[in-house]
There are 2 protein chains.
Amino acid sequence: MARLPTTADAYNAIAEPQRRKIISVLADGEKSVGELVEVLELNQPQISKHLKVLKEVDLVIMRKDGKQRIYSLNADNLKPIYDWLSDFAHLWTERFDRLESYLATLKKEGRNE
Amino acid sequence: MARLPTTADAYNAIAEPQRRKIISVLADGEKSVGELVEVLELNQPQISKHLKVLKEVDLVIMRKDGKQRIYSLNADNLKPIYDWLSDFAHLWTERFDRLESYLATLKKEGRNE
DNA sequence: ATAATATATTCCCATATGGGAATATGTCAA
DNA sequence: TTGACATATTCCCATATGGGAATATATTAT
């Protein structure tokens, strides 16, 4: 079936370094395409193409403002990845086992509220 | 430059669902190739190929035991991804902001010990 | 209508992919 | 040595990739 497309899910989308940079920049607040082009020093078409991938996996949200398109981060869809990795946290550090499991418990409780 | 190979880094390696399953299974303890074939219901060559990718990015360690190859998880190399995602934790939940930042602080201190 | 600006799309290409199938390698036992 | 078992490798193929370059679309101002 060949490799999954980058638009298959968030895991595949964030495997690209430039897309991770875009995500990091957007974490500081929404940006227009032009602003992203400036900050990341990439060509405009590549930025637009990366944003298209991120939008398809719902990691960013687009809003129109005149001729500009404003993109903002939808970080919620990063959480499943974070949760999956959380299962291994106890393997790379012993010191915070109890604190991390406590945190995980709080998070699970939080889901149903 | 085309898409980065799956062996480029941990991000690309874990983008494949079967490889994530392998990682999850190995989190419970080391396994031989044959055991992975049984548990995951994949053909042996595919398991071996996935393990090869995981080994190249140092997510698993291999040990010989007779005719068997025993693979174990090297979870440390998942931590950078977890750390990167941690930066966005405050965006998907407000309730545990202080606890998470406290945890992050503890972790950073822990690195130098 | 025309021009200017902002963004998106298309066409190009070399490259790696994951699975199936077949085969090769390695390791032990008799 | 021969065979049995465990694992790795090779060959096949359809498919998507990210960047460059060029072009298309959308929106506003004049």
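The chains referred to below are lettered A, B, ... by the order of the sequence lines, with proteins before strands, and numbering in each begins at 1.
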[N] [atom2] sits how many Å from [X] [atom1], rounded?
X: L42(A); N: dG19(D); atom1: CG; atom2: P; result: 7 Å
X: K55(B); N: dT9(D); atom1: NZ; atom2: C1'; result: 12 Å
X: K52(B); N: dG19(C); atom1: NZ; atom2: C1'; result: 15 Å
X: L4(B); N: dT15(C); atom1: CG; atom2: C1'; result: 11 Å
X: Q46(B); N: dT7(D); atom1: CD; atom2: P; result: 15 Å
X: Y11(B); N: dA16(C); atom1: OH; atom2: C1'; result: 21 Å

Side-chain donor-acceptor pairs under 3.5 Å in residues 3-17 of chain B, sequence neighbours left out?
residue	atom	partner	partner atom	Å
R3(B)	NH1	L4(A)	O	2.9
R3(B)	NH2	L4(A)	O	3.2
R3(B)	NH2	N12(A)	OD1	3.1
D9(B)	OD1	Y11(B)	N	3.2
D9(B)	OD1	N12(B)	N	2.9
D9(B)	OD1	N12(B)	ND2	2.9
N12(B)	OD1	R3(A)	NH2	3.1
N12(B)	ND2	A15(A)	O	3.3
E16(B)	OE1	Q18(B)	N	2.9

Looking only at side-chain N and O atoms, does [X] come under 4.0 Å of OP1 or OP2 in [N]?
X: T6(B); N: dT17(C); answer: yes
X: Y71(B); N: dA8(D); answer: yes
X: Q68(B); N: dT27(C); answer: no

Counting only N and O atoms by type, is there a donor-acceptor contact under 3.5 Å from the side chain of Q46(A) to the main-chain atoms of N43(A)? no
Any donor-acceptor N/O pair, N74(B) side chain to D58(B) backbone, under 3.5 Å: yes
Do Q44(A) and dA6(C) have a side chain to base donor-acceptor pair shorter than 3.5 Å? no
Between K64(A) and L51(B), which residue's closest nucleotide on DNA chain D lies nearer the 5′ terminus? L51(B)
When K67(A) and R3(A) are each assigned the nearest nucleotide of DNA chain D, the 5'-most assignment goes to R3(A)
Looking at the side chain of [X], which of [options] is the nearest nucleotide?
X: H50(B); options: dG20(D), dG20(C), dG18(C); value: dG18(C)
X: K49(A); options: dG19(C), dA16(D), dG19(D); value: dG19(D)
X: A2(A); options: dA14(D), dA6(C), dT9(C); value: dA14(D)

Side chain proximity check, [X] to [Y], heavy atoms < 4.5 angstrom:
X: Y82(A); Y: W92(B); answer: yes
X: S24(B); Y: D87(A); answer: no
X: L36(B); Y: V25(B); answer: yes
X: L54(B); Y: Y71(B); answer: no
X: R69(B); Y: K64(B); answer: yes

Do other residues, nucleotides or ligands put more than 12 heavy atoms under 6.0 Å from E38(B) CD? no
On DNA chain C, more 5' by nearest nucleotide between R69(B) and I70(A) is I70(A)
Where does DNA chain C pair, written as one dot-bracket string 5' to 3', with Watson-Crick or G-U pairs under 3.5 Å, ( ) inside the strand, [ ] for crossing pairs and | for another strand? |||||||||||.||||||.|||||||||||
Which ones in residues 12-41 of chain A lie close to DNA chain C, meaning a heavy atom under 4.0 Å from one of its atoms? S32(A), V33(A), G34(A)
Would you say I70(A) ends up clustered with V60(A) if hydrophobic residues are merged whenever their side chains have heavy atoms under 4.5 Å apart, either directly or through other cluster members? no
